[in-house]
Amino acid sequence: MEIQYLPVAASRLPSIDFQHLGFGEVFSDHMFIMEFDGGAWKSARIVPFGPIEILPSACCLHYGQIVFEGIKAFRTASGSVQIFRPDKYHERFNRSCRRLCIPEIDFDTFLTALRELVAKDRDWVPRQKGYSLYIRPFVFATDSYIGVRVSKTYRFLIITSPVGAYYKEGFNPVSLVTSTEYIRAAPGGLGMAKTPANYAATLLPAQEAIQKGFSQILWLDASEKRYIEEVGTMNIFFCVAGRLLTPSLEGTILAGITRDSVIRIAKDWGIPLEERKISIEEILEASRKGSLQEVFGTGTAAVISPVGLIRHREESITINGGQTGPLAKKFYEEITGIQYGEKPDRFHWCVSVD
Ligand SMILES: *Cc1c(COP(=O)(O)O)cnc(C)c1O
């Protein structure tokens, strides 16, 4: 693939305060763009980050034919820059595209675009441990048409954002509440796709949860509101009597790459692991009996996010005294160790951009 390169006149890098990076607020000098038209992806280019022109009649703005991904690149102690599991994220990107009738992008093109963009902005990859370059590929439908139908034209972009440590004072366990009113995804819906509609559906419930003092909602299945699904930005794991449990992927849950990494490592460590339906009642019962040891969420942004409290209807349970447990910490250290090149990359998960 031929990628045109139009560099910035002057880098914004000197104006960035790398000591106080939040999450997703600062964007690197360049972005990748290409268009789908006439049945093919074309005009790949890396250009200065900035506004893009789009017609107000572009169908994505009206009907949400959009897919995105969230990937990270890390700087190792030796100064090299590597992307974590790009093949898995690409696989999921195309799976989401198929569900949304968006033309797929082949792995070569996807990876070349990621690597070239990150390599051009490699000075934007933070140097501090715990910091990284968050990569946001996304694709949207651009036909100028406000009837409902599959678009014939699309634009694919990649923007990148240096992000700070998710935990400023170490791990802070989050509190979750179930909803008996709202649902995130129903069988046959969009739950397995990384698409904005899933997030739009959860904004109001999440806002209400925050007003009640919780961090996020723990989603239950849409039909019976009985089985645990995920947290909406994270997948979830429970440690019960030495066994690791996580909801099986039934089409309504997003197949997290961090979830997959935890499963691979748990198997490697010989921790008994069950992917199956888990009812909220089973977890409350385990807590009452004292066998619920730890709960943690998994996602690219935070890697591992310990859960200190869960509320379901009238019952609240505290997990591990509201403190981060040893297993959450061990997974966090193993995964970040591999990402920063401090531990052997025994699963061949990291791809260098150099
Ligand atoms: C992205 C996402 C996750 C986490 O997936 P990772 O690949 O681990 O980042 C979990 N749930 C939803 C709904 C998501 O969009």
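Reckoned from all heavy atoms, side chains included, excluding hydrogens, waters and symmetry mates. Because the structure is a prediction, the values reported are computed rather than measured. Both counts, for ligands and for their atoms, begin at 1 and track the order of listing.
For Lys267, the NZ atom sits in a loose shell: 12 or fewer heavy atoms of surrounding residues, nucleotides or ligands are nearer than 6.0 Å.
The N/O atoms of Tyr199, backbone and side chain alike, include one that comes under 3.5 Å of an N/O atom in ligand 1. Some N or O of Lys194 is nearer than 3.5 Å to an N or O of ligand 1, by distance alone. Considering backbone and side-chain N/O of Thr300, one or more are found under 3.5 Å from N/O of ligand 1. Ligand 1 has no N or O atom lying under 3.5 Å from any N or O atom of Asn235, backbone or side chain. Residue Gly256 has no nitrogen or oxygen atom sitting less than 3.5 Å from a nitrogen or oxygen atom of ligand 1, judged on distance alone.
At a heavy-atom cutoff of 4.0 Å, ligand 1 is contacted by the side chain of Arg92 but not by its backbone. Contacts of Leu254 with ligand 1, taken as heavy-atom pairs under 4.0 Å, involve the side chain alone. Residue contacts with ligand 1, taken as heavy atom pairs separated by less than 4.0 Å, do not involve Ile253 at all.
With Phe84 as the aromatic partner, Lys72 does not meet the cation-pi criteria of under 6.0 angstrom to the ring centre and within 45 degrees of the ring axis.
Atom numbering of ligand 1 starts at 1 in the shown order; those under 4.0 Å from a heavy atom of Met234 are 10 (C), 11 (N). Of all the atoms in ligand 1, the ones that sit under 4.0 Å from a non-hydrogen atom of Glu230 are 10 (C), 11 (N), 12 (C), 13 (C).
Using a 4.0 Å heavy-atom cutoff, Gly70 is absent from the residues neighbouring ligand 1. Within the 4.0 Å heavy-atom shell around ligand 1 one finds Arg184. The closest approach between any non-hydrogen atom of Asn198 and ligand 1 is not below 4.0 Å.
With respect to Glu281 and Arg288, a salt bridge is recorded, a charged nitrogen being found less than 4.0 Å from a carboxylate O. Salt bridge absent: Glu334 and Lys330 never bring a charged side-chain N and a carboxylate O closer than 4.0 Å. Salt-bridge annotation for Glu230 and Arg259: absent, with no side-chain N of the basic residue lying under 4.0 Å from a carboxylate O of the acidic one. Salt bridge annotation for Arg149-Asp143: present, with a cationic side-chain nitrogen under 4.0 angstrom from a carboxylate oxygen.
Shortest contact from atom 4 (C) of ligand 1 to any protein heavy atom: Thr233 O, 3.7 Å. Among protein heavy atoms, the minimum distance from atom 13 (C) of ligand 1 is reached at Gly232 O, 2.9 Å. Regarding atom 8 (O) of ligand 1, its nearest protein heavy-atom neighbour is Thr258 OG1, 2.6 Å.
Side chains of Ser96 and Thr195: a donor-acceptor N/O pair is absent below 3.5 angstrom, by distance only. No donor-acceptor contact under 3.5 angstrom links the side chains of Glu181 and Ser179, judged on distance only.
With Arg136 contributing its side chain and Glu69 its backbone, the two residues share a donor-acceptor pair below 3.5 Å.
The distance between the ring centers of Phe110 and Trp41 does not fall below 6.0 angstrom.
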